[in-house]
Amino acid sequence: MKQKLKEKVKKSLLWIKNQCGDRRTILLCLIVLAVMYSPVLVGYPLYFLLGWKWCLIMASSYLLFWAGPFTPFIPICIAITLFLKKTLFKKNSHTEET
């Protein structure tokens with residue numbers, strides 16, 4: 001049973017690696033990561049520049065939630081990236097055919 005689970009995990013990680021292999025997908029993944037992490041990337045600078053405490057609280061809360069041990073931040077970002085890749089690149093292939 002452990003061997004089957006290990007093989008499934010290995011196979012799925014290899015599939016993710018193959019899906020995220022080209023430059024467009026990596027760039028899309030970086031954009032998704034930046035958008036998903038934007039409350040932290042914007043909140044802390046706003047607090048330090050303008051002194052708004054609510055920005056510090058919001059950024060810290062968001063960071064603590066997504067950095068938690070049972071919160072799947074990276075898998076969610078990968079899933080969003082693969083979904084966007086499928087829809088965007090499929091749409092591009094349909095427009096090139098016509």
Side-chain angles (χ1 to χ4, degrees):
M1 186 166 158
K2 285 184 182 181
Q3 187 66 22
K4 280 187 177 182
L5 182 63
K6 186 177 178 181
E7 288 299 319
K8 283 187 177 189
V9 168
K10 187 176 179 181
K11 189 176 179 180
S12 61
L13 288 175
L14 193 63
W15 180 80
I16 290 172
K17 181 184 173 195
N18 289 336
Q19 291 295 316
C20 296
D22 61 341
R23 288 185 198 169
R24 294 186 302 180
T25 308
I26 292 172
L27 179 63
L28 187 60
C29 187
L30 290 175
I31 291 170
V32 168
L33 285 169
V35 168
M36 291 284 292
Y37 211 63
S38 64
V40 175
L41 296 174
V42 173
Y44 283 125
L46 281 177
Y47 170 72
F48 289 117
L49 292 174
L50 303 174
W52 294 340
K53 287 188 179 183
W54 68 269
C55 290
L56 177 66
I57 294 168
M58 182 264 314
S60 297
S61 301
Y62 192 86
L63 180 66
L64 287 174
F65 175 76
W66 285 111
F70 299 110
T71 311
F73 180 75
I74 299 297
I76 289 173
C77 289
I78 290 173
I80 292 171
T81 300
L82 294 178
F83 172 76
L84 289 174
K85 174 187 172 186
K86 183 179 178 181
T87 57
L88 290 176
F89 298 155
K90 181 194 281 188
K91 190 178 284 188
N92 286 343
S93 67
H94 285 299
T95 56
E96 290 173 3
E97 291 174 2
T98 57

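Heads up: numbering here begins at 1 and tracks the sequence.
- F48 and M58 fall into different hydrophobic clusters, where Ile, Leu, Val, Met, Phe, Trp and Tyr residues are linked whenever their side-chain heavy atoms come under 4.5 Å apart, directly or through other members.
- Note: C77 SG to I31 CD1 = 12.5 Å, rounded to the nearest 0.5 Å.
- When all heavy atoms of V40 and P45 are compared, the closest pair comes out as O-CD, 4.1 Å.
- With hydrophobic clusters built from ILVMFWY side chains whose heavy atoms lie under 4.5 angstrom apart, L49 does not share a cluster with Y44.
- Annotation for P39 and A59: closest pair O-CB, 3.8 Å, computed over non-hydrogen atoms.
- Connection of I80 to I78 is established within a shared hydrophobic cluster, with ILVMFWY side chains joined at heavy-atom distances below 4.5 Å, either directly or through further cluster members.
- Under the 4.5 Å side-chain heavy-atom criterion for ILVMFWY residues, a single connected hydrophobic cluster contains both L50 and W54.
- With T71 contributing its side chain and A67 its backbone, the two residues share no donor-acceptor pair below 3.5 Å.
- For S60 (side chain) and I57 (main-chain N/O), no donor-acceptor pair under 3.5 Å exists by modelled atom type.
- R24 has its side chain out of reach of L88: every pair of non-hydrogen atoms, C-beta onward, lies at least 4.5 Å apart.
- Once rounded to the nearest 0.5 Å, the distance linking CG of L30 with OG1 of T25 reads 11.0 Å.
- Within the model, atoms CG of L33 and CD1 of I26 stand 11.5 Å from one another, a figure rounded to the nearest 0.5 Å.
- Residue K85 comes nearest to L28 through the heavy atom pair N-CD2, 3.6 Å, listed as atom of the first residue, atom of the second, then distance.
- Side-chain contact between Y37 and F73: present, with at least one pair of heavy atoms (C-beta onward) separated by less than 4.5 Å.
- The neighbour count for F83 CZ, taken as heavy atoms of other residues, nucleotides or ligands under 6.0 Å away, does not exceed 12.
- Following chains of ILVMFWY side-chain contacts shorter than 4.5 Å, one cannot reach V42 starting from L63, and the two form parts of different hydrophobic clusters.
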